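To keep things clear, I will list the structure first and then write my remarks on it.
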Amino acid sequence: MPEDGYQWKKYGQKFIKNIQKIRSYFRCRDKRCCAKKKVEWHPGDPSLRIVYDGAHQHGSPSSTGGQGAGDGEGVGNRYELSAQYFGGPPRSD
DNA sequence: AGCCTTTGACCAGCG
DNA sequence: TCGCTGGTCAAAGGC
């Protein structure tokens, strides 16, 4: 599980036959945070795709601090979906 | 004591 | 209306 700085709670995991992939459902632990994260990967493949749903309403991760400035409640509610693709091993073959 | 993780069942939208 | 799929919730065990 690639740490992105936030804390997530897994609340589900199912195999999507449509894409033949395993999908895990994660949710931000913060109660004032409706941010969600979905992770899917091929069975037997090291690469995985992380799809962020919603945004954090409590600002930035507790880690690497310092960024807490821009957070805020002023952030209002921005809804940005991001999809990060982790293709670990660059198999040259 | 609190937190996390895992699995089954239920519900809702579609054809 | 039924069956299927995708998504979410709940309970228990270990550190």
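This one's a predicted model, so the numbers in the text were calculated from it and none came from an experiment.
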Using a 4.0 Å cut-off on protein heavy atoms (strictly under), produce a 5'-to-3' string for nucleotides 7-15 of chain C with B for base contact, S for backbone-only sugar-phosphate contact, and - for none. BBBB-----
Shared-cluster residues of V51(A), by chain and number - hydrophobic side chains joined below 4.5 Å: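 Via sub-4.5 Å side-chain contacts, V51(A) links to none.
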Given atom NZ of K9(A) and atom P of dT5(B), what is their separation to the nearest angstrom?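 In whole Å, dT5(B) P lies 10 Å from K9(A) NZ.
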Separation of F15(A) atom CZ from dT5(C) atom P, in whole Å?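 These atoms are roughly 11 Å apart.
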Regarding D30(A) and Y6(A), is there a side-chain donor-to-acceptor distance under 3.5 Å anywhere?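 No pair is found: no donor N or O on one side chain lies under 3.5 Å from an acceptor on the other.
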With sequence neighbours left out, write down each residue that passes ring-ring contact (aromatic ring centres under 6.0 Å, His included) with F15(A), or none if nothing qualifies.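 Partners of F15(A) under the ring-ring contact (aromatic ring centres under 6.0 Å, His included) test: none.
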Check side-chain contact (heavy atoms from CB on, under 4.5 Å) between I19(A) and all other residues, then give those that pass, not counting sequence neighbours.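 Partners of I19(A) under the side-chain contact (heavy atoms from CB on, under 4.5 Å) test: I16(A), K21(A), E40(A).
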Is the cationic atom of K38(A) (NZ for Lys, CZ for Arg) positioned less than 6.0 Å from the six-membered ring centroid of Y25(A) and within 45 degrees of its normal?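 Output no; distance or angle outside limits.
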